[in-house]
Novice: 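Submitted below is the structure of interest, expressed as structure tokens.
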Amino acid sequence: MRERMLKTLAKQIKQYKKASVLSILFTALEVFMDVLIPVLMARIIDRGIESGDLKQVFIYGGLMLVCVLFGLFSGIMSGRFAAHASTGFACNLREAMFLNIQTFSFANLDKFSTAGLVTRLTTDVTNLQMAYQMLIRMTIRAPFMLVLSLTMTLLICPKISVVFLAASLFLGVVLFNIIRIVRRVFDEVFKRYDDLNASVQENVTGIRVVKAFVREDFENTKFKKAAENLYRLFVKAEGTLAFNSPVMMTAVYGCILGISWMGAKLVVGGELTTGNLTSLFSYVMSILMSLMMLSMVFVMMTMSVASGERIAEVLAETSSLTNGEHPVTEVKDGSISFRHVNFAYYQGEDKNVLNDINLEIKSGETVGIIGGTGSSKTSLINLISRLYDVTGGSVLVGGTDVREYDLETLRDQVSVVLQKNVLFSGTILENLRWGNENATEEECRRVCRIACADDFIQAFPEQYNTRIERGGNNVSGGQKQRLCIARALLKKPKILILDDSTSAVDTATDARIRKAFREEIPDTTKIIIAQRISSVQEADHIVVLDEGRINGYGTHEELLKSNEIYASIYENQTSGGGDFDQKGGE
């Protein structure tokens, strides 16, 4: 599992491999220079100061200066290349995830929460960016420094090196246990991040509803709870990590005392020079700092493993909807055929949401679909544009199974105005051109006239150049619906599906839209899902759905006589003199 995750993430290094390698090389050079400096310092003391040879002081002092400058240059270059590689790696991760998410089917999206995907694209990627920078710097620097410093202590004085080995063993055992505890906490931290992001997203998206129902206190309490859960986990993790510093100091001071005691005896006995004793003090700090850096690396890697697994999960997810080996790239016409269709949202579910659906729709027909909440109307039409795949039977468009089409070709010819209308930041023209990016302004005006949107657009000061705020918050629900219908029409589809897409417009405007459909796009197959019978009663045929099954099929007049559900809905909606914009309903 871990190996697969690492392979998935490693693919995103791509063009930054060279920068990564150069960072590692410069880090190694920097460490080598740092290790040489205590040796040169020992030479200055032993051969220059104690011997009274000023020439030796200048020679070794000059060499020390060269090492310092070269080490400084190496450190700067290592940092620059590491920053370039890590930020590029993070950029590639975000792009790869975002591009992969765009390929997801609705079934794939059902596996991930929106807040979870946002956390993966932000917090988790940032953690990996920091971890990768640490990997190509500290993970090289710390072990390299540790090995070279230990080697130098063994060469200088094997007896004193025992002190280093004892301190290293002590630090290693303690730090391992600290990391083991912290890792479990960080695994839980990122799950809590999802909860926090979900709370923020839900509140910001529904802020008008929150204010309308005066639920600010409730939302504040919910957010506070999510934030406090995250706070407690971080306190627990950071509290455990706080032991790093005292443990480190214990090892450092223990080593200094041990070296001072043993070193003094060896210097007096002539087995160790003053310069070498000084260099040993430098190496003890290098060794222990290397161990400290390694502990930080392990902690960061522990955090990044949890993030890496979450990111790899998104990158490894493949769309449940793919093109066949030789996909069909032309839709013949707008005819639709459902043949013994069964559908469940999750494979292996015992209960289908659609059961044995058989339905024939001719090209150019207008078909209404009506039924109670939860009767699976939206599920039915989602199968036509292959937003989901059937679990049994087949759906044919233009005489061809939708699974045989190229997905882009099919969706270009099956235009869907979804139940939840979405507009994006930009002008009205920019939003309309989602349907056809090359559409002229006159083509945009034409579809807006069909969708009865041109009138209110003309009333705006900037008309078609009016800017739409994020989510379409500066237009009404009915205006948003009409703009989305116009956008769908701009694709010039063979099939147009309106999923309860006129629910926010009055019945008079609804009737005008249907009339425009009949006159302007007679050859387009039109499927209208509606709650109001007035929206579908003029359709060529009407389908009555009930609990995922076709309960009735026919014209308005036929269903009034033969279908109890349809007749009951009609009676309920027309009692009192008609719909709300008719005189009897005022």
Side-chain angles (χ1 to χ4, degrees), residues 328-338 359-370 377-378 380-387 395-402 405-419 421 431-440 442-454 481-503 505 509-530 532 534-543 553 555-556:
V328 178
T329 56
E330 183 181 355
V331 179
K332 182 181 175 183
D333 56 44
S335 61
I336 304 167
S337 177
F338 288 83
L359 182 63
E360 296 290 335
I361 302 173
K362 295 178 182 177
S363 184
E365 277 191 330
T366 299
V367 174
I369 301 177
I370 200 162
K377 302 184 295 295
T378 299
L380 180 71
I381 59 99
N382 280 342
L383 300 177
I384 298 172
S385 55
R386 206 185 170 203
L387 296 175
V395 178
L396 281 66
V397 170
T400 303
D401 193 313
V402 293
Y405 280 113
D406 172 72
L407 274 171
E408 190 173 330
T409 299
L410 176 66
R411 290 174 184 170
D412 271 341
Q413 295 302 323
V414 182
S415 199
V416 185
V417 183
L418 295 170
Q419 197 169 15
N421 298 290
N431 269 277
L432 292 171
R433 284 173 177 151
W434 273 65
N436 178 2
E437 62 183 352
N438 299 314
T440 64
E442 180 51 42
E443 287 176 312
C444 293
R445 290 177 182 271
R446 175 181 171 273
V447 294
C448 284
R449 286 192 290 270
I450 295 174
C452 297
D454 186 63
Q481 286 186 334
R482 282 176 276 173
L483 286 172
C484 289
I485 292 170
R487 181 174 65 188
L489 288 170
L490 205 56
K491 293 176 71 173
K492 299 178 182 177
K494 288 186 168 66
I495 298 171
L496 175 66
I497 299 171
L498 305 181
D499 185 0
D500 205 14
S501 302
T502 56
S503 59
V505 301
T509 304
D510 191 9
R512 285 172 54 205
I513 293 172
R514 295 197 309 275
K515 181 183 178 183
F517 284 174
R518 287 195 302 272
E519 294 173 354
E520 301 289 340
I521 50 171
D523 298 327
T524 300
T525 304
K526 296 164 283 291
I527 299 177
I528 303 170
I529 294 178
R532 297 187 303 220
S534 61
S535 297
V536 298
Q537 66 182 34
E538 296 175 4
D540 297 311
H541 296 97
I542 301 167
V543 178
Y553 178 79
T555 63
H556 172 67

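Numbering starts at 1 and runs along the sequence shown. From a predicted model like this one, the values you see are computed outputs, not experimental measurements.
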Novice: Among residues at least two apart in sequence or on other chains, which ones pass salt bridge (Lys or Arg N to Asp or Glu O under 4.0 Å) with E365?
Specialist: none
Novice: List in chain and number order the residues that pass side chain to side chain donor-acceptor pair (under 3.5 Å) with D412, two or more places apart in sequence or in another chain; answer none if no residue qualifies.
Specialist: none
Novice: Side chain to side chain donor-acceptor pair (under 3.5 Å) with T329: which residues, sequence neighbours excluded?
Specialist: none
Novice: D401: which residues meet the salt bridge (Lys or Arg N to Asp or Glu O under 4.0 Å) condition with it, sequence neighbours left out?
Specialist: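 For D401, the residues satisfying salt bridge (Lys or Arg N to Asp or Glu O under 4.0 Å) (neighbours in sequence not counted) are R403.
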Novice: Taking it one step at a time, do T400 and K332 satisfy side chain to side chain contact (heavy atoms under 4.5 Å, CB included)?
Specialist: CA-CA 9 Å; T400 303; K332 182 181 175 183; over 6 Å; no
Novice: Can you tell me how far the OG atom of S415 sits from the CD1 atom of I495, to the nearest 0.5 Å?
Specialist: 10.5 Å
Novice: Does any N or O in the side chain of S363 come within less than 3.5 Å of the main-chain N or O of G398, such that one atom is a donor and the other an acceptor?
Specialist: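 No, the answer is negative, given that no donor and acceptor are paired below the 3.5 Å cut-off.
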Novice: Give me the atom names and distance for the closest heavy-atom approach of T525 to I336.
Specialist: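 Result for this residue pair: CG2-CD1, 4.2 Å.
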Novice: For C444, does its backbone N or O pair with a side-chain atom of R433 as donor and acceptor, under 3.5 Å?
Specialist: no
Novice: Which is it for V402 and L383 under the side chain to side chain contact (heavy atoms under 4.5 Å, CB included) test, yes or no, and what are the steps along the way?
Specialist: CA-CA 9 Å; V402 293; L383 300 177; over 6 Å; no
Novice: Looking only at non-hydrogen atoms, find the nearest pair between Y553 and H541 and report the distance.
Specialist: OH-CG, 3.3 Å
Novice: Got a donor-acceptor contact below 3.5 angstrom from the R411 side chain to the S385 backbone?
Specialist: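 Answer holds: yes.
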Novice: Out of curiosity, I542 CD1 to T555 OG1, how far, rounded to the nearest 0.5 Å?
Specialist: 7.0 Å
Novice: How would you list, by chain and number, every residue that makes a side-chain contact (heavy atoms from CB on, under 4.5 Å) with T366, sequence neighbours excluded?
Specialist: K526, I528, A539, D540
Novice: For E330, enumerate each residue passing the salt bridge (Lys or Arg N to Asp or Glu O under 4.0 Å) test, keeping only those at least two apart in sequence or located in another chain.
Specialist: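 Not a single residue meets the salt bridge (Lys or Arg N to Asp or Glu O under 4.0 Å) criterion with E330.
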Novice: Check P493 against T524 and note the closest heavy-atom contact, atom names and distance.
Specialist: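 Heavy-atom minimum between the residues: O-OG1, 3.3 Å.
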Novice: Give the minimum heavy-atom separation between S335 and G399, together with the two atoms involved.
Specialist: OG-N, 3.9 Å
Novice: Taking salt bridge (Lys or Arg N to Asp or Glu O under 4.0 Å) as the definition, give me every residue that meets it alongside E360, ordered by chain and number, with sequence neighbours left out.
Specialist: none
Novice: Sequence neighbours left out, what passes side-chain contact (heavy atoms from CB on, under 4.5 Å) with K494? Give chain and number order.
Specialist: V331, Q413
Novice: Run the side chain to side chain donor-acceptor pair (under 3.5 Å) test against R445 and tell me which residues pass, sequence neighbours left out.
Specialist: E441
Novice: Please determine whether side chain to side chain contact (heavy atoms under 4.5 Å, CB included) holds for the pair I361 and I527, giving the CA-CA distance in whole Å, both sets of side-chain angles, and the decisive distance to 0.1 Å.
Specialist: CA-CA 9 Å; I361 302 173; I527 299 177; 4.1 Å; yes
Novice: Do I485 and L498 have side-chain heavy atoms sitting under 4.5 Å apart?
Specialist: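 Yes, their side chains come closer than 4.5 Å.
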Novice: Is there side-chain contact between I369 and L380, with heavy atoms separated by less than 4.5 Å?
Specialist: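 I369 reaches L380 side chain to side chain.
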Novice: Which is it for V414 and I497 under the side chain to side chain contact (heavy atoms under 4.5 Å, CB included) test, yes or no, and what are the steps along the way?
Specialist: CA-CA 7 Å; V414 182; I497 299 171; 3.8 Å; yes
Novice: Looking at V397 and D333, what are the two nearest heavy atoms and their distance?
Specialist: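 What the structure gives for the nearest pair is CG1-O, 4.2 Å.
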Novice: With sequence neighbours excluded, tell me which residues meet side-chain contact (heavy atoms from CB on, under 4.5 Å) with A486.
Specialist: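 A486 satisfies side-chain contact (heavy atoms from CB on, under 4.5 Å) with L432, V447, C448, A451 once adjacent residues are dropped.
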Novice: So which atom in I529 and which in K377 form the shortest heavy-atom distance, rounded to 0.1 Å?
Specialist: CD1-O, 3.5 Å
Novice: Can you list everything that forms a side chain to side chain donor-acceptor pair (under 3.5 Å) with E408? Sequence neighbours excluded, please.
Specialist: none
Novice: Return the set of residues passing ring pair (Phe, Tyr, Trp, His ring centres under 6.0 Å) with F338 (not counting sequence neighbours), or none when no residue passes.
Specialist: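 Not a single residue meets the ring pair (Phe, Tyr, Trp, His ring centres under 6.0 Å) criterion with F338.
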